[in-house]
Amino acid sequence: MTIVSGDAVRPSAAPTAPSSRLGSIDALRGIALFGVLAINLETEFRVSIFQQFLPRTPDQGLGGLVDRVLDIFIDMKAFALFSLLFGVGLAIQFDRLAHNDQRTRLLVRRMLVLLGFGLIHLFLIWNGDILAEYALAGLVVLPFLFAPTWLIAAGSVAFLALYLLQPVLPTIIPFPDRSWLVAHVGEANRIYATAGSSEILAYRIKEVAAFLPLHSYVFPRTLGLFLLGAACWRAGLFAAAHRSVAWLWLAAALAIAAGLSLTLAPFARAYSGPAGTLALALGYAALVLAVETTTAGARLLRWAEPVGRMAFTNYILQSVILGFVFYGYGLGLFGKLDSVTGLAIVIAVYVAQAIASRWWLQRFRYGPIEWLWRALMYGRAPKFMNAD
C-alpha cells in the first residue's frame, strides 16, 4: 500500500484494503458485537445499569432463564472479547505502518479521533459508551507496541492481575451506597421513560459521573486485554491459525471449561467471576479461530464478517436505535419490557444489521463511520465506493 504526498511515496500509510483483512478477526468481532448488543440492551437500555446492584427476586419463568444464560455466557465476556480484538487491531495498524516515519503521529491521531467519536457518543447519544475508554487505553498501550513481544505479554499479565486483585486493593473511586442506588434507579425510570430529548440529554450528562467507578474497575482489564491481543498478533496466533488447529481446539475446550467452572463457582465470586470472564472470552476466541481454519467453518461464519467489518458503525447505530425504542423522545419503553422481549429486540436488530452490513459492503469499501475514522486519521479521504 502506498500514499502519495507531494513527490514522495511512503509505504504503508493508507487505510487497510478490504481484500487484505483476516476474515477470522472480522467474524470474531461480528459475533462479539451480538453479545455487546444483548448486554447493552438488557442491562443498560431496558433498565438502569445501576438496577443490577440492588437486591431483587430472580424471575422464575422464561425471563429468568434468559437472564441466567446472558449472565453466564455473555455478560462481560463479549466486552472482554471486544477488548482483545481491539488490541489485535491496534497491533495490526502498528505493524502496517512500520516503514512510515509518521507512524506514531498517525496512531496517536487515530486514538484522538476515536476519543472524539466516543465523547460525542457518550454525551449526545448514550452514556454507556466504551469508545472513549478504548481511546484512552489505546494511548496507554501505544508505547508498549515498540517493545518486544515478551514485554507486551508481561504488561498484559500485570494489568490483568491488577484487575483480578481489585477486591483486596484500596478503591480508587468509591461505588455509590444503597440509598443512592435506590433513588437513582427511581429517577432514571422516570426521566428516561417519559422525558423529552432535552431533559434526557441533561440527565445523561449528569449521570456520566456515576459511571466512573465502573470504568475505573474495568480499565485495568481493558489495558490487559489490549496488550494480550497485541501479543497474540505478534506471536502469529491469528495469521497462522491453520498451523495450530489441534492446539486451538484444545485451548478452546480447556478455557471454556475453566471459564464455566469459575463463573459457576459457589464461593469467592468476587475473584472467580472476573477470572471466569477472561477464560471464557479467550475460549470463545480460540473456538472461532479453530472453526475458521476449515472451509466449511469459514463458510459457516461468513455471515458475521460484514458485521465485524462495520463494527464501529453498527455499534453507534445500535445506540441510536435503542435510544429511540426505550427513551421518552421515542417509544418510551424504558423499564417496561421483560428480558424475553428485550432478547427478541436484540435478535431483530442484529439480523437487520447483518443483512444491511452485507448489502452495504457489496457497494462500499468501508462502513460510513469506519471511512470517516480513516479519513481523519490519514488526513485524506480513502476510496469509498467499490467501483472506485
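No hydrogens, no waters, no symmetry mates; every other heavy atom, side chains included, goes into these values.
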**Asked** So, for W371 and F364, is the gap between ring centers shorter than 6.0 Å?
**Response** no

**Asked** So do the side chains of P368 and W360 get within less than 4.5 Å of each other, counting heavy atoms only?
**Response** yes

**Complete:** The residue among F312, W373, Y134 that forms ring pair (Phe, Tyr, Trp, His ring centres under 6.0 Å) with F117 is F312

**For Y217, all residues meeting ring pair (Phe, Tyr, Trp, His ring centres under 6.0 Å), sequence neighbours excluded** = Y163

**Request:** Check the side chains of H121 and S319 for a donor-acceptor pair under 3.5 angstrom, ignoring hydrogens and angles.
**Result:** yes

**Request:** Would you sort out whether L115 and M111 count as a side-chain contact (heavy atoms from CB on, under 4.5 Å), showing the intermediate values?
**Result:** CA-CA 6 Å; L115 179 60; M111 292 300 102; over 6 Å; no

**Prompt:** Does K77 use its side chain to pair, donor to acceptor, with the backbone of D75 at less than 3.5 Å?
**Reply:** yes

**Prompt:** For L331, does the CG atom have more than 12 heavy-atom neighbours from other residues, nucleotides or ligands under 6.0 Å away?
**Reply:** yes

**Asked** Do side-chain atoms of R309 reach the backbone of R365 as a donor and acceptor pair under 3.5 angstrom?
**Response** yes

**Message:** Parallel, tilted or perpendicular: which one describes the rings of F211 and H215, with boundaries at 30° and 60°?
**Reply:** tilted

**Prompt:** For the ring pair F226 and F144, is the centre-to-centre distance below 6.0 Å?
**Reply:** no

**Request:** Ignoring hydrogens and angles, tell me if any N or O in the side chain of Y315 forms a donor-acceptor pair with the backbone of I130 under 3.5 Å.
**Result:** yes

**Prompt:** F334 and Y192: aromatic ring centres closer than 6.0 Å?
**Reply:** yes

**Prompt:** Are Q102 and R105 linked by a side-chain donor-acceptor pair shorter than 3.5 Å?
**Reply:** yes

**Message:** Counting C-beta onward and ignoring hydrogens, is there a side-chain heavy-atom pair between R302 and E292 closer than 4.5 Å?
**Reply:** no

**Message:** Are T222 and F82 packed together at the side-chain level, in the sense that at least one heavy-atom pair is separated by less than 4.5 angstrom?
**Reply:** no

**Asked** Is it true that a side-chain atom of E199 and a backbone atom of I191 form a donor plus acceptor pair closer than 3.5 Å?
**Response** no

